[in-house]
Amino acid sequence: MPTSWKLLSPLLLALPLNALAADQWIVATDLWGNTNYQTLTLDIQGKQVAGTLDSAPVTGVLTGKQLQFTATESDGQVYHFDGRIDDARMQGRSDQPDTNNRSARAAHAFSAWRVPSRAAAAPRLHTFTPTDYSNTFNADRAPVLVIWPGDSVQTRTLDSGGVDEKGITRALFGNPQVGPFFVAGAEPGDTLAITINSLKLNRDYADSLDGIVGRLKTPRIATETSALGNPVRWELDRVRGMARPQGASGALNNFEIPVKPMLGGLAVAPGFGYPPFSTGDTSDFGGNMDFNAVVQGNTVYLQVQQPGALLYLGDGHALQGDGETSQWALETSLDVVVQVELIKKHSIATPRVESPTQIMTLGQGGSSDDALRLATSGMLQWLRQSYDLDMSQATQVMGVAVQYSVANLAGRSVGVAAKIDKSVLKGLPAAAGKTGK
């Protein structure tokens with residue numbers, strides 16, 4: 001288990017072994033320096049142990065504090081674990097098939113922590129005050145809080161430079177994130193639904209730049225903007241909900257615009273085999289999406305790739321036009337309330353956003369062509385999963401109803417969103433799945 005996960009221990013209460021029945025553990029196996037996380041469910045009756053390791057059935061024996069169990073995959077491969085349980089922790093050795101030669105065996109160290117029991121059946125609102133922040137999206141950072149489907153989290157984000165609501169630097173620049181939040185029961189193949197219940201400005205200014213991102217520059221514009229990229233401070237009128245450039249003069253003297261707070265960063269941890277991603281990057285796990293539809297009242301769907309999902313959020317914006325064309329939006333800190341739900345055994349290929357009036361899929365790639373393809377593929381999947389359409393029917397609906405917008409041009413990836421108004425989908429039958437309704 002990575003050293004950082006040891007920080008989780010204050011969240012875990014010491015429990016007697018007789019409290020282990022039907023418990024859930026997160027197992028971390030060191031595979032030649034790469035940590036593989038798995039969900040272990042244990043049902044202990046006396047000395048006999050049954051359960052699952054991910055989807056593989058488990059049988060074993062508990063002798064005092066020593067637990068020995070075997071997981072058998074559907075292809076017949078067996079994985080042996082021998083560990084010692086100390087309160088809410090376990091560590092030991094495993095014997096597994098060699099990843100290059102399935103007829104050979106390899107020994108690996110493993111450790112595990114027990115997911116705390118849910119305190120109450122009813123959904124809870126957790127108030128979380130961050131004390132440190134992450135500049136990567138990764139599976140090895142210790143969860144800051146364990147929550148359950150239906151729960152909400154109230155917290156605060158920094159701006160992209162690491163500055164808090166009081167103007168004090170709390171973290172390194174580069175979109176520092178709050179989290180991760182461990183969602184009990186979330187497993188790869190599930191979908192996490194994050195509803196943004198509240199986004200509120202908590203200070204009276206935001207920082208931005210003048211200029212234009214490189215992807216949009218013609219040779220003439222590149223020449224004319226060569227001296228730009230300068231800081232611009234904006235005043236935020238939180239009472240009126242308006243923003244204006246500080247000290248503006250000339251043609252901008254009376255310019256102001258309504259704010260629309262959004263989260264630039266929202267992600268789950270990337271799956272096994274992937275390195276930590278910078279909080280400036282994006283992929284199918286979400287990331288620095290900078291999509292201005294990630295606002296209060298909307299729901300974002302992300303595919304779970306690690307046990308517990310490990311949800312990160314941050315990079316508050318008071319306002320952003322399509323594409324974040326000046327490199328920075330109106331970067332500020334925010335008070336945030338999000339609610340998390342879990343859709344079991346429902347896998348999606350791209351991040352999704354649902355508003356009261358639209359369904360949206362986000363494609364993120366190295367070029368606009370790549371991003372367009374991914375957004376289109378994601379929308380076709382959504383139509384087929386949730387509206388009982390075959391591929392021919394889904395392409396017909398897209399042909400008459402889809403809208404595209406540029407979500408982000410300022411990062412290393414391009415973001416393109418495909419959108420369809422819900423009003424045109426009302427006559428379609430509902431299929432299995434909870435998204436897009």
Side-chain angles (χ1 to χ4, degrees), residues 137 175 191 212-218 221-222 262-268 270-271 274 277-295 298-303 305 315 317 320-327 329 347-355 357-387 389-425 428 433 435-436:
F137 301 116
N175 308 320
T191 291
I212 198 87
V213 296
R215 287 188 173 94
L216 297 178
K217 291 180 180 179
T218 64
I221 293 298
M262 56 165 282
L263 285 175
L266 195 64
V268 294
Y274 288 93
F277 282 77
S278 162
T279 49
D281 286 331
T282 60
S283 189
D284 54 7
F285 57 82
N288 184 42
M289 297 182 289
D290 285 330
F291 181 27
N292 58 15
V294 183
V295 296
N298 290 358
T299 299
V300 179
Y301 301 94
L302 300 172
Q303 60 163 299
Q305 303 186 32
D315 187 22
H317 296 174
Q320 179 196 298
D322 287 350
E324 199 175 18
T325 59
S326 58
Q327 193 64 47
S347 182
I348 62 176
T350 60
R352 299 176 177 179
V353 180
E354 182 175 4
S355 76
T357 60
Q358 288 185 317
I359 62 172
M360 296 165 264
T361 55
L362 188 61
Q364 302 168 119
S367 70
S368 55
D369 283 352
D370 290 341
L372 273 165
R373 280 189 285 267
L374 289 169
T376 300
S377 175
M379 182 59 75
L380 288 169
Q381 182 191 48
W382 198 340
L383 292 172
R384 297 173 72 192
Q385 283 181 331
S386 293
Y387 294 95
L389 302 177
D390 61 26
M391 182 60 84
S392 171
Q393 294 167 332
T395 62
Q396 293 174 61
V397 171
M398 281 198 66
V400 296
V402 74
Q403 308 161 45
Y404 289 99
S405 68
V406 177
N408 181 32
L409 296 167
R412 284 185 279 271
S413 297
V414 174
V416 172
K419 308 177 182 182
I420 294 182
D421 291 338
K422 287 183 177 180
S423 59
V424 306
L425 303 174
L428 298 177
T435 60

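Everything quoted here is computed from the prediction, not taken from an experiment.
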Stepwise side-chain contact (heavy atoms from CB on, under 4.5 Å) test for Thr191 and Leu302: CA-CA 6 Å; Thr191 291; Leu302 300 172; over 6 Å; no
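- Of all the heavy atoms in Gly366 and Arg215, the pair that sits closest is O-NH2, 4.3 Å.
- Under the 3.5 Å distance criterion, the side-chain polar atoms of Asn292 are matched with a main-chain donor or acceptor of Gln320.
- Separating the CE atom in Met289 from the OG atom in Ser413 is a distance of 12.0 Å, to the nearest 0.5 Å.
- Heavy-atom minimum distance, Met360 versus Ala293: SD-CB, 3.8 Å.
- Side-chain contact between Thr279 and Asn288: absent, with no pair of heavy atoms (C-beta onward) separated by less than 4.5 Å.
- Counting heavy atoms from C-beta outward, Lys422 and Thr357 have side chains that stay 4.5 Å or more apart.
- When side chains are defined from C-beta on, Asp290 counts as touching Asp315, because their heavy atoms get closer than 4.5 Å.
- A donor-acceptor pair under 3.5 Å links the side-chain atoms of Thr361 to the main chain of Ala375, judged by distance alone.
- Side-chain atoms of Leu383 and Ile420, non-hydrogen and from C-beta on, do get closer than 4.5 Å to each other.
- To the nearest 0.5 Å, atoms CD (Gln403) and CD (Gln358) are separated by 5.5 Å.
- Contact annotation: the side chain of Val414 approaches that of Leu409 to within less than 4.5 Å [non-hydrogen atoms, C-beta and beyond].
- For the pair Tyr404 and Met398, the tightest heavy-atom approach, listed with the atom from each and the gap, is OH-CE, 3.6 Å.
- Of all heavy-atom pairs spanning Ala417 and Phe291, the tightest one is CB-CZ, 3.5 Å.
- Between the side chain of Asp390 and the main chain of Ser392, a donor-acceptor pair closer than 3.5 Å is present.
- Once rounded to the nearest 0.5 Å, the distance linking CD of Glu354 with OG of Ser386 reads 8.5 Å.
- Considering every non-hydrogen atom in both Asp370 and Gly365, the closest pair reads CB-CA, 4.1 Å.
- By the 4.5 Å heavy-atom criterion applied to side chains, Val397 and Leu425 are counted as neighbours.
- Gln303 contributes no side-chain N or O that, together with a main-chain N or O of Ser347, makes up a donor-acceptor pair within less than 3.5 Å.
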Any chance you could lay out the side-chain contact (heavy atoms from CB on, under 4.5 Å) test for Asn408 and Leu362, step after step, and finish with the verdict? CA-CA 10 Å; Asn408 181 32; Leu362 188 61; over 6 Å; no
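- A distance of 12.5 Å separates NZ of Lys419 from CD1 of Ile359, quoted to the nearest 0.5 Å.
- For residues 400-417, the pairs satisfying salt bridge (charged side-chain N to carboxylate O under 4.0 Å, His left out) are Asp281-Arg412, with sequence neighbours left out.
- Residues Gln381 and Ile348 have side chains in contact (heavy-atom distance under 4.5 Å, counting atoms from C-beta outward).
- Taking both residues in full, the closest heavy atoms of Gln364 and Ser283 are given as NE2-O, 2.9 Å, listed atom of the first, atom of the second, then distance.
- When side chains are defined from C-beta on, Leu389 does not count as touching Gln396, because their heavy atoms never get closer than 4.5 Å.
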Please evaluate residues Val213 and Gln327 with respect to the criterion side-chain contact (heavy atoms from CB on, under 4.5 Å), reporting the C-alpha separation (whole Å), side-chain torsions for both, the decisive distance (0.1 Å), and the verdict. CA-CA 6 Å; Val213 296; Gln327 193 64 47; 3.5 Å; yes
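- Residues Phe277 and Phe285 bring their aromatic ring centres within 6.0 Å.
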